[in-house]
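What follows is a single structure, written as structure tokens, with notes after it.
Whatever order the structure lists them in is the order used to number ligands and atoms, beginning at 1. Note that the structure is a prediction, hence the values are computed from the model and not measured.
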Amino acid sequence: MAKKIDGKASAQGLRERVGEAVSALQRDHGLTPGLAVVLVGEDPASQVYVRNKGKQTLEAGMNSYEHKLSETTGQEELLALIAELNSDPGVHGILVQLPLPAQIDAHAVINAIDPDKDVDGFHLINVGRLATGAPGLVPCTPLGCMMLLKDELKDLSGKNAVVVGRSNIVGKPMSALLLAESCTVTTAHSRTQDLPGVCREADILVAAVGRPQMVPGDWIKPGATVIDVGINRVEGAEGKTRLVGDVDHASAEAVAGAITPVPGGVGPMTIACLLRNTVQAACAANGIAFDLD
Ligand code: NDP
């Protein structure tokens, strides 16, 4: 039976370290990191995410600035807000909650954020920094996955890693991070041939697809470490919905060496990494050494 990789506990540990770092910054430098979160429209899931981000930012002792704009907000108005936040010295991190309404060009908005305040790590400059090994801000979900993997395996060097999914938010940055740790990386996607065979080669298997329970146990190499990024809401018993990952947990845990559950795996690490990135950005903006990991 696979060991459970407890993302909830790891996230709590990371949030505590963030809280201690914030206290030290306040005590030694009179600096309180600040995170601005921008929400456009009424998307219910986005509202929940933004509320949680604001709450956890405050709990870590940081300043939280929430900007809620109407569904009909135009591109120029949003860009004007980004420009204001870019020049605000009290704001060290800026996050624009995605998805944005159709009239707004999400790429243009993300690339208008000061790259050194881009705590989501989606700006082209940060994508380039990650690809070339330069220091920068790394997307929160893959960063959280890497922390769980390093905790579990210590040295990742030389391992065969397969990432299923190639989105800009999860799959591609995840592959870049694994490569930086000297894994031999395969990035699989919807056109990959013999996906089961590709997955069976993986010492480290990361599933970031968005298809409920797509990866069964017989695609997994015995003893592999499995990171399930998927968050899918499916019909459960008595008409209630429940969350499942992209991996079929019941069959996978009989084969894998270690596996993240859904919920309670990667999900909690994502917001904790956002807080961590905000402290990193605040330190960099003030020329203070950052050592939290
Ligand atoms: P996207 O929809 O942007 O990307 C999905 C990827 O999966 C694509 O690259 C796609 O390939 C690939 N794919 C789709 N179908 C198949 C298939 N049958 N076989 C192989 N590959 C396939 O999703 P995201 O990357 O944004 O998210 C992935 C999952 O992670 C979702 O469940 C999402 O909810 C979850 N998520 C969880 C987070 C967390 O905090 N835990 C944060 C972000 C996302 P192609 O490119 O060829 O179309």
*Write out the residue and atom name of the closest protein heavy atom to atom 29 (C) of ligand 1, then the distance separating them to 0.1 Å.*
Gly210 N, 3.6 Å
*Which of the listed options, Arg166, Met174, Met214, Arg211, holds the heavy atom that is closest to atom 46 (O) of ligand 1?*
Arg166
*Relative to the heavy atoms of Thr270, which atoms of ligand 1 are at a distance of less than 4.0 Å?*
39 (C), 40 (O)
_Run the salt bridge (Lys or Arg N to Asp or Glu O under 4.0 Å) test on Lys150 and Glu152 for me, step by step, so that the C-alpha distance in whole Å, both residues' side-chain angles and the decisive distance to 0.1 Å come before the verdict._
CA-CA 5 Å; Lys150 283 194 196 165; Glu152 182 60 30; over 6 Å; no
*side-chain hydrogen bond (donor to acceptor under 3.5 Å, both in side chains) contacts touching residues 29-41 (sequence neighbours left out)*: Gln26-Thr32
*Should the heavy atoms of other residues, nucleotides or ligands under 6.0 Å from OH of Tyr65 be counted, would the total exceed 12?*
yes
*asked:* Using a 4.0 Å heavy-atom cut-off, which part of Thr192 comes near ligand 1: side chain, backbone, both, or neither?
replied: neither
*Can a non-hydrogen atom of Ile231 be found less than 4.0 Å from any atom of ligand 1?*
yes
_Would you compute the distance between atom OG1 of Thr278 and atom NZ of Lys53 and round it to the nearest 0.5 angstrom?_
10.5 Å
_Nearest protein heavy atom with distance in Å, relative to atom 5 (C) of ligand 1_ = Val209 O, 3.3 Å
*Looking only at heavy atoms of Ala188, does any of them come nearer than 4.0 Å to an atom of ligand 1?*
no
*Nearest-neighbour protein heavy atom for atom 44 (C) of ligand 1, which is reported as residue plus atom name and distance*: Val170 CG2, 3.9 Å
*asked:* Taking a cutoff of less than 4.0 Å between a non-hydrogen atom of the residue and any ligand atom, is Gly171 in contact with ligand 1?
replied: no
_Could you tell me, atom by atom, which parts of ligand 1 come under 4.0 Å of a heavy atom of Ala208?_
5 (C), 6 (C), 7 (O), 28 (C)
*Report yes if some N/O of Ser190 lies less than 3.5 Å from some N/O of ligand 1; otherwise report no.*
yes
_Counting only heavy atoms closer than 4.0 Å, does ligand 1 sit against the backbone of Thr141, its side chain, both, or neither?_
side chain
_For Met269, state whether at least one heavy atom is located under 4.0 Å from any atom of ligand 1._
no
*Classify the side-chain pair Arg166/Thr187 by whether it contains a donor and acceptor separated by less than 3.5 Å.*
no
*Just by distance, do the side chain of Arg242 and the backbone of Arg233 share a donor-acceptor pair under 3.5 Å?*
no
*Can a salt bridge be assigned to the pair Asp116 and Arg129 using a cut-off of 4.0 Å between side-chain N and carboxylate O?*
yes
